[in-house]
J.: 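So that we are looking at the same thing, I have put the structure below in structure tokens.
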2 protein chains.
Amino acid sequence: MGIREVAKEAGVSVATVSRVLNHSGYVKEETYQKVIAAIRRLNYVPNGVARSMVKGSTRTIGLILPDITNPYFPMLARGVEDAAITQGYLVILCNTDNNPDTEAMYLSMLREKCVDGLVYVSSSSSTDHVRAFARHLPVVWVDRMPVGVEGDVVAGDDLLGGYLATRHLLSLGRRRIAFIAGPDGLMTAEERERGYRLALKEAGLVPEDELMARGDFQFASGRRAMTEILGRTRPDALFASNDLMALGAMEVIAEAGYRIPGDIAVVGYDNIMFARLAKPPLTTVEQPSYLIGVTACEVAMERIARRELPVQKKLFKPTLVVRASTQGERE
Amino acid sequence: MGIREVAKEAGVSVATVSRVLNHSGYVKEETYQKVIAAIRRLNYVPNGVARSMVKGSTRTIGLILPDITNPYFPMLARGVEDAAITQGYLVILCNTDNNPDTEAMYLSMLREKCVDGLVYVSSSSSTDHVRAFARHLPVVWVDRMPVGVEGDVVAGDDLLGGYLATRHLLSLGRRRIAFIAGPDGLMTAEERERGYRLALKEAGLVPEDELMARGDFQFASGRRAMTEILGRTRPDALFASNDLMALGAMEVIAEAGYRIPGDIAVVGYDNIMFARLAKPPLTTVEQPSYLIGVTACEVAMERIARRELPVQKKLFKPTLVVRASTQGERE
DNA sequence: TTGTATGCGTTATCAA
DNA sequence: TTGATAACGCATACAA
């Protein structure tokens, strides 16, 4: 059953049915009621595909992110979806695992599906696919924008976050502050490291290689990195560039017989739900991930509506959440 | 640029272009190459919307769940998406917060968008909306099917899970086993409770009201429920019907000065990522949530392909993961 | 092996 | 205020 059957049932033309459906044009109250009644009787639902075709818009946005299973992303995704639905947009979820091939595949599928825009939590290299895509469609970059690509971006201020975390440890009198870096080439991770270095420098300290190791933002890599570090030196603090790695590191620290924060104070990043449940509760840098998601989606929808808008860059300030992993007392 | 321009560029008809696009019908190798070349030159991407219209299929499935922010769901969602993509399906994510109005809204949007099928992690009441919807479209119910609705269902065996958890505590010699129930009317929750009661009964015990409280599967409600229970009695074990509530309860237990598992042994349900990071690590019933997601999506795609297939019910056995919250030793 | 023409279910333009 | 009809971009039946 399509608009045709409804028209016949109501004894009017398809044009009239379309008008009542879209509240467009003039239609007599009486006719309106007839059509509404027919729609009810037939339990008619307009076909969005046909509508999309003629309107040139699908009211759909794609959300591309590394892995919804990573505890940082659900909040962000939720923000995107909540914002989308307020304007009648639906969101298609795509997990890329940071795999460029997977990214490329989703990109081409989304383009073919004619999504109206994209919220893109990129993580790895900027491929040509991405660049080409961004020319065709509104793309809002979250947390990271590949080099050489212009566009809207919504992100947390990771430089500031790294700086705050490190400053906090310094203010506690810690001087040998270990650092677990994130994936190489990932802007988010690099900025946090820059913040770390900046704070050290301000304090007249020099970052030492033996205090640093690299992880991939997963729990297990936090364990590995901390094992590495403890194997060659003895820090009095740790700043891990995300909570998952911080949690992994804390396990290793405890297993090695050190006390947190007595021997080693620990700061993470993200304030995922379980940071406060850790033993001891983890001091961390909180990002307003829900808000970031909401904002990214809003920017995307704005741009969809007005392609010629000036480029927007929105940076959200992180805040330090101090807990027992640095303070020694219960939250 | 549509198929027309490609046809002109290649010097053939649109039908031929369509044929090479779909690998259908016969086309001479030479012609094939010409068309491919034209597609490349024009950087042509077929319009999926138009294709959907004529094919009557969007290669899209809707995933409806309570809240992606709840740590149980990301894995499930990931499973659904991974399965979907293997057959070229995209998935639309919908968070309902268990709100019937929100469910109804998404349902009607998804129907209008002409998704080919639905994976439905329902939680609350079966509304008429849902029932009407299920008649129009393949729906696979995950973990719960509203009463009065026929259809495919993929779920964990919660009765068995509740039984296993309780039996484990009983085998440890515990006799006063507290229980934190899930939301009223939620099948998953009720089955776990049935398992609890069954095990008690088998052991010749009678469930006591003072040992039971109800939560809503959120962390905070675990705290509340445990506070309630400890306020009126003194159990020697706790089975919480999900990990989040178990974690909340553990906090309260510790704050009250009891030792886990010495005074009170604790078992949760789900084996979310952070169960093993809790202090002490939480014994829990593991559901193969990723597999459940994969399977649900596969069943949905099967039914999309063959509507007349017999109804499928797939129940996944849970397994008990024993950790220090009941055993007293490190994992 | 290829081309022509029709229809998918809407919206929008133009006439009436 | 309403109706007839031409797109929208593609797949496909049928003809050639």
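Atoms considered below: every heavy atom in the structure, side chains included; atoms not considered: hydrogens, waters and symmetry mates. So you know, we letter chains A, B, ... as the sequences are listed, proteins then strands, and number each from 1.
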J.: It should be established whether B:T16 places a side-chain nitrogen or oxygen under 4.0 Å from OP1 or OP2 of nucleotide C:dG3.
T.: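 For C:dG3, OP1/OP2 do have a side-chain N/O of B:T16 under 4.0 Å.
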J.: Check every atom of C:dT2, D:dC10, C:dT4 against the side chain of B:K28 and return the nucleotide holding the closest atom.
T.: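 My answer, after comparing the listed nucleotides, is C:dT2.
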J.: Checking all strands, does B:Y32 fall into the base, sugar-phosphate, or nothing category for heavy-atom contacts under 4.0 angstrom?
T.: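 Nothing: the residue B:Y32, judged by heavy atoms under 4.0 Å, touches no strand.
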J.: Can you find a side-chain donor-acceptor pair between B:E302 and B:Q312 that sits under 3.5 Å?
T.: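 Short answer, yes.
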J.: Of the nucleotides C:dT10, C:dA12, D:dC8, which one has an atom closest to the side chain of A:K55?
T.: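 Nearest to the side-chain atoms of A:K55, counting from C-beta on, is C:dA12.
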J.: Which nucleotide in the set C:dT10, D:dT2, D:dA11 lies at the smallest distance from any side-chain heavy atom of A:N47?
T.: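 Selected nucleotide: C:dT10.
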J.: Considering only heavy atoms from C-beta outward, does the side chain of A:V80 approach that of A:V294 to under 4.5 Å?
T.: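 They are not in contact (no side-chain heavy atoms under 4.5 Å apart), so the answer is no.
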J.: Please determine, by modelled atom types, if A:N95 and A:Y106 share a side-chain donor-acceptor pair under 3.5 angstrom.
T.: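 No.
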J.: Test side chain to side chain donor-acceptor pair (under 3.5 Å) on B:D116 and B:S57 and set out the steps.
T.: CA-CA 6 Å; B:D116 292 342; B:S57 154; 2.9 Å; yes
J.: Can you tell me how far P of C:dT11 sits from CE of A:M53, to the nearest Å?
T.: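 My rounded result for the distance is 12 Å.
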J.: On DNA chain C, check which nucleotide each of A:N22 and B:V12 is closest to and give me the residue with the more 5' one.
T.: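 Result of the comparison: B:V12.
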J.: Let's see if you can work this out: which of D:dT1, D:dT12, D:dC10 has an atom nearest to the side-chain heavy atoms of B:A15?
T.: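 The answer is D:dT12.
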J.: Please report, rounded to the nearest Å, how far the P atom of C:dA12 is from the OH atom of A:Y26.
T.: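 Answer to the nearest Å: 16 Å.
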J.: Counting only side-chain nitrogens and oxygens, does A:S18 get under 4.0 Å of the OP1 or OP2 atom of C:dT11?
T.: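 Answer yes for this pair, as a side-chain N or O of A:S18 is under 4.0 Å from OP1 or OP2.
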J.: Nearest whole angstrom, please: distance from the C1' of D:dT1 to the CD of A:E29.
T.: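 After rounding, the gap between these two atoms is 13 Å.
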J.: Counting only heavy atoms from other residues, nucleotides and ligands, does the tally under 6.0 Å from CE of A:M75 exceed 12?
T.: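 Incorrect, the count does not exceed 12.
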J.: Using the side-chain heavy atoms of A:A50, tell me which of these nucleotides is nearest: D:dG9, C:dT11, C:dG9.
T.: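 Per side-chain heavy atoms of A:A50, the pick is C:dG9.
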J.: Name the residue closer to the 5' end of DNA chain C, choosing between B:R19 and A:I3 according to the nucleotide with the nearest heavy atom.
T.: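 That would be B:R19.
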J.: Could you state the atom-to-atom distance from CZ of A:R51 to P of D:dA7 in whole Å?
T.: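 The answer, rounded to whole Å, is 22 Å.
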J.: Just checking B:V54: base, sugar-phosphate only, or nothing, at a heavy-atom cut-off of under 4.0 Å?
T.: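 Base, at least one base heavy atom under 4.0 Å.
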J.: In whole angstroms, how far is the P atom of D:dC10 from the CZ atom of B:R59?
T.: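 Interatomic distance, CZ of B:R59 to P of D:dC10: 18 Å.
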J.: In whole Å, what is the span from the CD atom of B:E5 to the P atom of D:dG9?
T.: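 Computing the B:E5:CD to D:dG9:P distance gives 8 Å.
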J.: Atom CG of A:L21 to atom P of C:dA12: distance rounded to whole Å?
T.: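 Whole-Å distance recorded here is 12 Å.
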J.: Measure from NZ on B:K8 to C1' on C:dG3 and round the result to the nearest Å.
T.: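 That distance rounds to 16 Å.
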